[in-house]
Amino acid sequence: MAETKTKKGKKSGAKSNGVPKLKFNTGWEYAPAPESKTHIKLNDRYELFINGKFVKPLSGKYFETINPATEEKIAEVAEANVADVDKAVKAARNAYEKVWKKIPGSERAKYIFRISRMIQERAREFAVIESMDGGKAIRESRDVDVPLAANHFFYYAGWADKLEYAFPGRVPRSLGVAGQIIPWNFPLLMAAWKIAPAIATGNTVVLKPAETTPLTALKLAEIIQESGLPDGVVNIVTGFGQTGADIVNHADIDKIAFTGSTEVGKIIQKAVAGTNKKITLELGGKAANIIFEDAPLDQAVEGVINGIYFNQGHVCCAGSRLFVQESVYNIVLRKLKDRIETLIVGDPLDKNTDIGAINSKTQLETINKYINIGKKEGAEMYQSSCPIPGRGFFCRPTLFTNVAQSNRIAQEEIFGPVLAIQTFRTDEEVIEKANNTPYGLSAGVWTDKGSKIFNLTTKMRAGVVWANTYNKFDPSSPFGGYKESGYGREGGLHGLSAYLKI
Ligand code: NAI
Ligand code: MG
C-alpha cells in the first residue's frame with residue numbers, strides 16, 4: 001500500500017537536504033538536531049478524496065508538490081477539474097440529505113472527537129510532513145500547527161450537541177454543503193479551522209488545500225476515512241486556483257469559506273454576489289506591533305521577533321509593522337539587530353531552526369521584490385548576516401528603518417520575514433499611524449500600563465489586539481478582520497454561527 005519516501009541507507013541528517021551545518025553567528029555552533037523522517041508514510045501519488053474513498057481524477061491530471069527546502073519532488077497529487085468538483089459536491093449533498101443533517105449532535109461529536117484524538121496520536125508524522133511540504137520550521141509545526149489543529153476539532157466536537165445552548169432561544173439549523181478553500185501558510189490548521197465547525201454544526205464539506213501544500217490535508221483524509229465518519233461528509237479535492245473557482249461557482253453549494261489573498265477574496269466576493277451562498281473571507285493583514293517606552297523591552301523585542309520572523313513571516317496576522325516610541329527607539333533597534341543575528345535560518349526539519357524555507361519560489365520572488373522596493377523608496381535595510389542554504393527557497397530576517405508611512409513596504413502585505421520600523425511620540429499619533437492601512441486583522445501593544453492597553457485596544461481597527469504578547473491562539477477565541485482583511489469570524493461561538501441559520 002503506502003510506501004515510505006525516506007531513502008533507505010541514507011540517514012536524515014543535516015546534510016541530507018544539501019543544507020549546510022548551522023552556524024550561530026556569535027561564534028557558537030549548534031550541532032544539527034534533525035527530526036527523523038523514518039516514521040512517516042507518504043505515497044508517490046495522491047488521489048482525490050470523494051465520498052469516503054480515494055479516487056482517480058476524471059481530469060486524468062496530476063501535479064507535483066515539492067519540498068521548498070530542497071526543491072525536490074515529494075509526491076504527485078490529483079488535479080480536480082469541474083467534473084471532479086461536481087462529483088465531490090454531489091457526494092457532499094447526498095451525505096448531507098441522507099445522513100448528516102439527520103443524526104443527533106451527540107453522534108456527530110463522537111466522530112469529531114475521534115478525529116481530534118487520531119491527529120494527536122499521529123502528531124509527529126503530521127508535523128514532519130507539514131514541514132517537508134510547506135517549509136515551516138519543525139518547531140512551529142510540532143508545537144503550534146498540529147496541537148492547535150487537534151484542539152480545534154476537540155473544541156468544536158464539544159459544541160456539536162449544545163448548539164441550542166450556544167444560541168439560547170433560537171433554533172440553529174445547518175446550511176448544507178460548504179465549499180472551503182485554504183492557503184499554504186497553515187495547511188493542516190486551516191483545514192481544521194474550516195472542517196471542524198462546519199461538520200460540528202451538521203454541514204458537509206468540499207475542501208481544497210493550496211497547491212503547494214496539499215499533503216497534510218490528504219493525510220487528514222486518511223484519518224477521516226479511518227474514523228468511520230460517514231462517506232461524503234468531508235471531501236477533499238486538490239488542484240490550483242481553477243479548482244477553487246469551480247467550487248466557488250458550483251450552483252449546489254450553500255456556503256463559501258475562504259482564507260488567502262485579498263485579490264482572490266475579491267474575485268470570490270464578486271462571484272458569490274447575487275447568489276444565496278453565505279460567505280466568510282479571511283484575507284491579508286499588515287499588523288502593527290507598538291512598543292511604548294514603559295514596556296518590558298526584552299519581552300517586547302522577543303514578541304516582535306516571534307510576530308514577524310517565525311513561520312517565515314507567512315502569517316496573515318504577522319506583526320509586519322513596528323512602531324517604537326522615540327525615547328526607546330535606539331535601544332530597541334540595537335536589541336532587535338542583535339537578536340536577528342542569532343536566528344537560525346535553514347533546514348525546516350532541524351529542531352534548532354528558527355526560520356525555515358519560504359513556501360515557494362513565487363513567494364520568495366514576491367518577498368525579494370518588496371525588499372528591492374523598500375531600498376528604492378529610500379528606507380534603510382538591515383539583514384542578518386547568518387548563512388543560508390545554497391539550495392531551496394530561503395530569506396534572511398530583514399528589517400527596514402527610515403520608513404515613511406506612504407512607503408509600499410509599510411502599506412502592502414509582504415508575507416515574508418521583513419519588518420518595517422517607524423517611530424512615534426504620542427498615543428494619538430501611533431493610533432492614527434497604525435490604523436492607516438487598508439487592512440485590519442490584528443495588532444500588538446507593549447506597555448506596562450493597563451490604561452494604555454485599554455485606550456489602544458478600543459481605538460485600533462483590528463480584529464484581534466494582543467497586549468504584551470503576540471500570535472496567541474485558542475480555539476475558543478474568535479479571529480477575523482476589518483476592512484480588506486475580510487469579514488466573518490472563525491473560532492469560538494462566532495465560528496459556529498458562520499455555519500448556521502439562526
Ligand atoms: P491565493 O489567494 O492565490 O491562494 C489561496 C487559495 O486560493 C489556494 O488554495 C488557491 O489555489 C486558491 N485560489 C486561487 N485563485 C482562486 C480563485 N480564483 N478562486 C478560488 N480559489 C482560488 O494566495 P497565493 O497566490 O498563494 O499568495 C499570494 C499572496 O496572498 C501572498 O503573498 C500573501 O500576501 C497572501 N496570502 C494571504 C494568506 C492569509 O492567510 N491571509 C494566505 C496565503 C496568501
Ligand atoms: Mg509542497
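Residues take their numbers from the sequence shown, with the count starting at 1. Just so you know, ligand 1 is whichever comes first in the structure, and atom 1 is the first atom listed for that ligand. Just so it is clear, the values below take in all heavy atoms, side chains as well, and ignore hydrogens, waters and symmetry mates.
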K.L.:
Minimum distance, heavy atoms only, to atom 13 (N) of ligand 1: which one of Gly244, Gly179, Gly241, Ala271 is it?
P.N.:
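Heavy atom nearest to atom 13 (N) of ligand 1 belongs to Gly241.
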K.L.:
So does Leu175 get a backbone contact from the side chain of Asn203, meaning a donor-acceptor N/O pair under 3.5 Å?
P.N.:
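Answer holds: yes.
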K.L.:
Which option, Phe415, Phe258, Phe186, Trp184, owns the non-hydrogen atom nearest atom 5 (C) of ligand 1?
P.N.:
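Ranked by closest heavy atom to atom 5 (C) of ligand 1, first place is Phe258.
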K.L.:
Would you mind listing which atoms of ligand 1 come within a distance below 4.0 Å of any non-hydrogen atom of Phe240?
P.N.:
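Taking each heavy atom of Phe240 in turn, ligand 1 has 11 (O) under 4.0 Å.
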K.L.:
Could you tell me which residues satisfy ring-ring contact (aromatic ring centres under 6.0 Å, His included) with Phe63, sequence neighbours excluded, listed by chain and number?
P.N.:
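Result, ring-ring contact (aromatic ring centres under 6.0 Å, His included) vs Phe63: Phe240.
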K.L.:
Please work out, at 4.0 Å between heavy atoms, whether the side chain, the backbone, both, or neither of His314 comes within that distance of ligand 1.
P.N.:
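No part of His314 comes within reach of ligand 1.
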K.L.:
Are any of the side-chain heavy atoms of Thr243 and Thr238 separated by less than 4.5 Å?
P.N.:
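When only atoms from C-beta onward are counted, Thr238 and Thr243 do not touch, as no gap falls below 4.5 Å.
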K.L.:
Look at the side chain of Ser442 and the backbone N and O of Cys317, then say whether any donor-acceptor pair between them is shorter than 3.5 Å.
P.N.:
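Yes; at least one donor-acceptor contact below 3.5 Å.
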K.L.:
Give the residue and atom name of whichever protein heavy atom lies nearest to atom 32 (O) of ligand 1, and the separation in Å to one decimal.
P.N.:
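The protein heavy atom lying closest is Gln363 OE1, 3.0 Å.
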K.L.:
I'd like to know whether ligand 1 has Leu283 as a neighbour, heavy-atom separation below 4.0 Å.
P.N.:
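It does, in that a heavy atom of Leu283 comes within the 4.0 Å cut-off of ligand 1.
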K.L.:
Could you check atom 43 (C) of ligand 1 against the protein and tell me its nearest heavy-atom contact, residue, atom and distance included?
P.N.:
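For this ligand atom, the closest protein heavy atom is Pro183 CB, 3.5 Å.
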K.L.:
Please write down residue, atom name and distance for the protein heavy atom closest to atom 39 (C) of ligand 1.
P.N.:
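Sorting protein heavy atoms by distance from atom 39 (C) of ligand 1 puts Cys316 CB, 3.5 Å first.
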K.L.:
Under 4.0 Å from atom 25 (O) of ligand 1, do we find at least one protein heavy atom?
P.N.:
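No, there is none.
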K.L.:
Give the atoms of ligand 1, by number and element, whose distance to some non-hydrogen atom of Ala210 is under 4.0 Å.
P.N.:
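Counting from 1, the qualifying ligand atoms are 9 (O).
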K.L.:
Ignoring hydrogens and geometry beyond distance, is a side-chain donor-acceptor pair present between Thr262 and Glu484 at under 3.5 Å?
P.N.:
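Result is no, nothing qualifies.
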K.L.:
For atom 19 (N) of ligand 1, what's the nearest protein heavy atom and its distance?
P.N.:
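Minimum-distance protein heavy atom for atom 19 (N) of ligand 1 reads Ala245 N, 3.5 Å.
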K.L.:
Is there a nitrogen or oxygen of Asn185 sitting under 3.5 Å from a nitrogen or oxygen of ligand 1?
P.N.:
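Indeed, backbone or side chain, Asn185 has an N or O that close.
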K.L.:
Would you say that Lys37 contacts Met132 through its side chain, given a criterion of any heavy-atom pair below 4.5 Å between the two side chains?
P.N.:
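Yes, side chains in contact.
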K.L.:
What is the nearest protein non-hydrogen atom to atom 34 (O) of ligand 1, stated with its residue, atom name and distance?
P.N.:
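Among all protein heavy atoms, the one nearest atom 34 (O) of ligand 1 is Glu413 OE1, 2.8 Å.
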K.L.:
Assess whether a salt bridge exists between Lys208 and Asp246, defined as any Lys/Arg side-chain N lying under 4.0 Å from an Asp/Glu carboxylate O.
P.N.:
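No, this pair does not count.
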K.L.:
In terms of ring plane angle, is the pair His314 and Phe415 parallel, tilted or perpendicular, where the classes change at 30° and 60°?
P.N.:
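Taking Phe415 first and then His314, their aromatic rings lie parallel (interplane angle under 30°).
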K.L.:
When you measure from atom 8 (C) of ligand 1 to every protein heavy atom, which one gives the shortest distance, and what is it?
P.N.:
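That would be Ile182 O, 3.6 Å.
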K.L.:
How far is atom 16 (C) of ligand 1 from its nearest protein heavy atom, and which residue and atom name does that atom have?
P.N.:
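It is Val264 CG1, 3.4 Å.
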K.L.:
Please tell me whether Phe54 and Tyr46 form a close aromatic pair, meaning their ring centres lie under 6.0 Å apart.
P.N.:
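Ring-ring flag for Phe54/Tyr46: false, centres at least 6.0 Å apart.
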K.L.:
If we count only N and O atoms by modelled type, under 3.5 Å, do the side chains of Tyr96 and Ser174 hold a donor and an acceptor together?
P.N.:
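A donor-acceptor contact under 3.5 Å links the two side chains.
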K.L.:
I'd like to know if the side chain of His39 and the backbone of Ser36 have a donor-acceptor N/O pair within less than 3.5 Å.
P.N.:
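Flag set: sc His39 to bb Ser36 pair under 3.5 Å.
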K.L.:
Give me the protein N, O or S atoms that fall under 2.8 Å of the Mg ion (ligand 2), sorted by chain and residue number.
P.N.:
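Metal shell, protein only: Thr65 OG1, Ile66 O, Asp133 O, Asp133 OD1, Thr212 O.
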K.L.:
Answer yes or no: is there an ion pair linking Lys286 with Glu413, defined by an N-O contact shorter than 4.0 Å?
P.N.:
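No, Lys286 and Glu413 are not salt-bridged.
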K.L.:
With a 3.5 Å cut-off and no angle check, do the side chains of Lys194 and Thr259 form a donor-acceptor pair?
P.N.:
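Yes, a side-chain donor-acceptor pair sits under 3.5 Å.
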K.L.:
Side chains of Ser477 and Lys472: donor-acceptor distance under 3.5 Å anywhere?
P.N.:
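Side chains of Ser477 and Lys472: no pair found under 3.5 Å.
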K.L.:
In the protein, which heavy atom is nearest to atom 30 (O) of ligand 1, and how far is it?
P.N.:
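The answer is Ser261 CB, 2.9 Å.
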K.L.:
Which of the atoms in ligand 1, numbered in the order shown and given with their element, are less than 4.0 Å from a heavy-atom of Thr259?
P.N.:
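Ligand 1 atoms under the 4.0 Å threshold to Thr259: 40 (O).
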